[in-house]
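Hydrogens, waters and symmetry mates are skipped; everything else that's a heavy atom, side chains included, is used. Reminder, nothing fancy here: chain letters follow the sequence lines and each chain counts from 1.
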There are 2 protein chains.
Amino acid sequence: MSKQTLTVLEPDVCCAPLATSAVPAEAAADLAASFKALGDPVRLQLMSMIASADGGEACVCDLTPAFDLTGPTISHHLKVLREAGLVESDRRGTWVWYRANRPRLAALSALLDVAPAA
Amino acid sequence: MSKQTLTVLEPDVCCAPLATSAVPAEAAADLAASFKALGDPVRLQLMSMIASADGGEACVCDLTPAFDLTGPTISHHLKVLREAGLVESDRRGTWVWYRANRPRLAALSALLDVAPAA
DNA sequence: CCCTTAGGTTGACAGATCTCGAAGCAGGCG
DNA sequence: CGCCTGCTTCGAGATCTGTCAACCTAAGGG
């Protein structure tokens, strides 16, 4: 697996449900990167805390104390989520705020959708 | 991250959309394991090939030649998907057939669902 | 029986990942 | 200006992961 950052990352890379048609190799690399980012308990919780936060935004200062991990580690996980295109960050004065990339989440959700009208 | 196989793996471990309420730590470990399994381009393609296969089943003999990888490697990836509860296997005579665990996929899809009734 | 074919298991190795402590950068306060 | 706090980046160590070659098991055919 190469270290390169994927340049695709459009919210709607591939939306045909996985159970409907096979995912092409190029799209698979991009989509798998997002799933991999969610493939860590800490990041999944971070993602959910951010996405479900009041106002749709969460401050790092609120996220960090929720885990038994050091600041740098949380920062690292947030960076992974950022590079996967799942969240966006925004510095506001002293604190940094994170918000979820809804369209991206929706695309992933649609991909895993099975037989909506079975 | 421990090596232990999680014992939970019920299809409906946690279904409240990630954007609605934060995922509890215990559920996060289980769910993240599934996302991690999908976090590899090869496995994501395998998953889609199996889920979209005619009759809902795919033979390993059809999956392996679709990649530029050796048999053992494909076997390893299928094992990961199996242990993540995403697919089930079934030997039928000479060949082994795989089919998707639809409920599990549905649960993951629901988790990533954003603004169901926005 | 022996052999061939389909898959899975084992062992090994390069590369990636998670975690931390130390150091760096940005913004606010005295 | 000088310092403190919040967050990120850097460097390092232990662990995990993807891949292959070699080997093993199961099923079917002479």
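- Each of R92(A) and L69(A) was matched to the nucleotide of DNA chain C holding its nearest heavy atom; the match closer to the 5' end belongs to L69(A).
- Across all strands shown, T94(A) has heavy atoms under 4.0 Å from sugar-phosphate atoms exclusively, and none from any base.
- OP1 or OP2 of dT8(D) has not a single side-chain nitrogen or oxygen of R91(A) nearer than 4.0 Å.
- dG27(C) atom P lies 12 Å from atom CG of D90(A), rounded to whole Å.
- Side-chain contact between L46(A) and F67(A) is present, with at least one heavy-atom pair separated by less than 4.5 Å.
- Proximity of K36(B) to the phosphate of dT17(D): a side-chain N or O atom is located under 4.0 Å from OP1 or OP2.
- No engagement by G71(B) is indicated, since no non-hydrogen atom pair under 4.0 Å with the nucleic acid exists.
- Within the 4.0 angstrom heavy-atom criterion, base atoms lie near H76(A).
- Within the structure, a side-chain polar atom (N or O) of T70(B) is placed less than 4.0 Å from OP1 or OP2 of dC20(D).
- Using a cut-off of 4.0 Å between Lys/Arg side-chain N and Asp/Glu carboxylate O, D40(B) and K36(A) are scored as not salt-bridged.
- For the pair L46(B) CG and dG18(D) P, the computed distance is 12 Å after rounding to whole Å.
- For the pair L44(A) CG and dT17(C) C1', the interatomic distance rounds to 17 Å; values are reported in whole Å.
- In this model, the phosphate group of dG7(C) is not approached by any side-chain N or O of Y98(B) to a distance below 4.0 Å at OP1 or OP2.
- In this entry the distance linking CG of D68(B) with P of dG18(D) reads 17 Å, nearest Å.
- Taking every side-chain heavy atom of D40(B) into account, dG18(D) is the closest of dG8(C), dC7(D), dG18(D).
- Nearer the 5' end of DNA chain C, as judged by each residue's closest nucleotide, is the contact made by I74(B), out of V42(A) and I74(B).
- Tested against L105(B), the residues D113(A), L112(A), L111(A) include a single side chain to side chain contact (heavy atoms under 4.5 Å, CB included) partner, L112(A).
- The existence of a salt bridge linking R92(B) and E57(B) is confirmed by a sub-4.0 Å separation between a basic side-chain nitrogen and an acidic carboxylate oxygen.
- If you take NZ of K79(B) and P of dA6(C), they are 22 Å apart, rounded to a whole angstrom.
- R82(B) places its CZ atom 11 Å from the C1' atom of dT9(C), with the value rounded to the nearest Å.
- Contact between the side-chain N/O atoms of H77(B) and the OP1/OP2 oxygens of dT19(D) is found at a separation under 4.0 Å.
- Of the listed nucleotides (dA6(C), dT9(D), dT9(C)), dA6(C) has the atom at the smallest distance from the side chain of C61(B).
- Contact annotation: T73(B) does not reach the phosphate of dG18(D) (side-chain N/O to OP1 or OP2, under 4.0 Å).
- Side-chain heavy atoms closer than 4.5 Å link hydrophobic residues (I, L, V, M, F, W, Y) into clusters, and following such links, possibly through other members, connects V114(B) to V114(A).
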